Colleague: 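Please find one structure pasted underneath; my questions will follow.
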Amino acid sequence: DAGITQSPRHKVTETGTPVTLRCHQTENHRYMYWYRQDPGHGLRLIHYSYGVKDTDKGEVSDGYSVSRSKTEDFLLTLESATSSQTSVYFCAISEREARGAYEQYFGPGTRLTVT
Amino acid sequence: EDQVTQSPEALRLQEGESSSLNCSYTVSGLRGLFWYRQDPGKGPEFLFTLYSAGEEKEKERLKATLTKKESFLHITAPKPEDSATYLCAVLSGDYKLSFGAGTTVTVRA
């Protein structure tokens, strides 16, 4: 998984509680991403980061926030979890080289269930 | 709006029975088209990047091709270990990456 770990790998939480997922990389890549994957949908971007303390929203950012205080760590927080946020969450990294290589490499995922 | 459509949704093959998966797309200013493989319970694994129409890439029994409107992933003489979900994604001119829903391939021995 290209030097990417995610924690926890599984979590069950109750509606209304805050939840934080962690992504850690050892590749020193500049870009980091959080996606969610749901049946019948492709991977959908939640938030991404293009450097320490530099983040931006993706297409499904409502109810989520992120932080990146170190190159290697990217945190995703569900401020008040809802059942619609039950999903599998993937972290990805990439390094945009000068010749335009934009491949993203994915972590193993976190399965989150909100009851 | 960028769109990526993969077909079929599911494909069942006999070992050795070659076939193709389709990824059709509409995007403004294609910067690249990516193929990934995803095994159950795991993250997507990068396979190929295609940058321009006419380009082809190969890896073992997989071959990816690209036209201006679609990409094909050809699986030649598949083996049971080729069973997985194959994802296609396109990167637009404004660096937005859009994924298709995937094709689940099952290869029977």
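Proteins come first, then strands; the chains are lettered A, B, ... in the order of their sequence lines, and each starts at number 1. Values in this document were obtained by computation on a predicted structure and should not be read as measured data.
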Colleague: Given heavy-atom pairs under 4.5 angstrom as the criterion, report whether the side chain, backbone, both or neither of A/Leu45 touches chain B.
Modeller: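 It is neither, since no heavy atom gets under 4.5 Å.
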Colleague: Hey, which residues of residues 96-104 of chain B are touching chain A, say heavy atoms under 4.5 Å apart?
Modeller: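 Expected list: B/Leu97, B/Phe99, B/Gly100, B/Ala101.
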Colleague: Please classify the contact between A/Tyr48 and chain B as side chain, backbone, both or neither, with a heavy-atom cut-off of under 4.5 Å.
Modeller: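 Answer is neither: A/Tyr48 stays 4.5 Å or more from chain B.
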Colleague: Looking only at non-hydrogen atoms, find the nearest pair between B/Phe46 and A/Gln104 and report the distance.
Modeller: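 Closest approach of B/Phe46 to A/Gln104: CB-O, 4.4 Å.
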Colleague: What's the separation between atom CZ in B/Phe34 and atom CD in A/Glu103, rounded to the nearest 0.5 Å?
Modeller: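 B/Phe34 CZ to A/Glu103 CD: 5.5 Å, rounded to 0.5 Å.
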Colleague: Is there a path of hydrophobic side-chain contacts, each under 4.5 Å between heavy atoms of I, L, V, M, F, W or Y residues, that connects B/Leu33 with B/Tyr51?
Modeller: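 Not linked; separate clusters.
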Colleague: Return all side-chain donor-acceptor pairs below 3.5 angstrom for residues 68-83 of chain B, not counting sequence neighbours, or 'none' if the list is empty.
Modeller:
residue: B/Glu70; atom: OE1; partner: B/Asn22; partner atom: ND2; Å: 2.9
residue: B/Ser71; atom: OG; partner: B/Trp35; partner atom: NE1; Å: 2.9
residue: B/Ser71; atom: OG; partner: B/Thr65; partner atom: O; Å: 2.6
residue: B/His74; atom: ND1; partner: B/Ser20; partner atom: OG; Å: 2.6
residue: B/Asp82; atom: OD1; partner: B/Arg61; partner atom: NH2; Å: 2.9
residue: B/Asp82; atom: OD2; partner: B/Arg61; partner atom: NE; Å: 2.8
residue: B/Asp82; atom: OD2; partner: B/Arg61; partner atom: NH2; Å: 3.4
residue: B/Asp82; atom: OD2; partner: B/Lys79; partner atom: N; Å: 2.8
residue: B/Ser83; atom: OG; partner: B/Pro80; partner atom: O; Å: 2.9
residue: B/Ser83; atom: OG; partner: B/Val107; partner atom: N; Å: 2.8

Colleague: Distance check, rounded to the nearest 0.5 Å: A/Tyr50 atom OH versus B/Tyr95 atom OH?
Modeller: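 Here the rounded value is 14.5 Å.
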Colleague: Side chain, backbone, both or neither: which part of A/Gln6 has a heavy atom under 4.5 Å from chain B?
Modeller: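 Neither part, no heavy atoms under 4.5 Å.
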Colleague: More than 12 non-hydrogen atoms from neighbouring residues, nucleotides or ligands closer than 6.0 Å to CD on A/Glu79, yes or no?
Modeller: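 Correct, the count exceeds 12.
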Colleague: Nearest 0.5 angstrom please: B/Glu45 CD to A/Phe106 CZ, how far?
Modeller: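 These two atoms lie 12.0 Å from each other.
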Colleague: Are A/Phe74 and A/Tyr31 joined in one hydrophobic group, where the rule is that I, L, V, M, F, W and Y side chains link up if heavy atoms are under 4.5 Å apart?
Modeller: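 Yes, because A/Phe74 and A/Tyr31 connect within a single hydrophobic cluster, where side-chain heavy atoms sit under 4.5 Å apart.
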Colleague: In terms of hydrophobic clustering (I, L, V, M, F, W, Y; side-chain heavy atoms under 4.5 Å; direct or indirect links), are A/Leu75 and A/Tyr64 co-clustered?
Modeller: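 Not linked; separate clusters.
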Colleague: Are A/Leu43 and B/Tyr25 in one and the same hydrophobic cluster, where Ile, Leu, Val, Met, Phe, Trp and Tyr link if side-chain heavy atoms are under 4.5 Å apart?
Modeller: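 No, A/Leu43 and B/Tyr25 fall in different hydrophobic clusters.
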Colleague: Is it the case that atom CD in B/Glu1 sees more than 12 heavy atoms from other parts of the structure closer than 6.0 Å?
Modeller: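 For B/Glu1, atom CD is not crowded (no more than 12 foreign heavy atoms under 6.0 Å).
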Colleague: When rounded to the nearest 0.5 angstrom, what distance separates CZ in A/Phe90 from NZ in B/Lys42?
Modeller: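 Interatomic distance, A/Phe90 CZ to B/Lys42 NZ, rounded to 0.5 Å: 11.5 Å.
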Colleague: Say whether B/Val90 and A/Val60 are linked into one hydrophobic cluster, either directly or through other cluster members, by side-chain heavy-atom distances under 4.5 angstrom.
Modeller: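 No.
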Colleague: Counting only non-hydrogen atoms closer than 4.5 Å, does B/Gln6 touch chain A with its backbone (N, CA, C, O), its side chain (CB onward), both, or neither?
Modeller: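 Contact with chain A involves no heavy atom of B/Gln6 at all.
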Colleague: Would you say CD of A/Glu14 has more than 12 non-hydrogen atoms from neighbouring residues, nucleotides or ligands within 6.0 angstrom?
Modeller: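 Count not over threshold, so no.
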Colleague: What part of A/Arg9 gets closer than 4.5 Å to chain B, counting heavy atoms only: side chain, backbone, both or neither?
Modeller: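 Contact with chain B is through the side chain of A/Arg9 alone.
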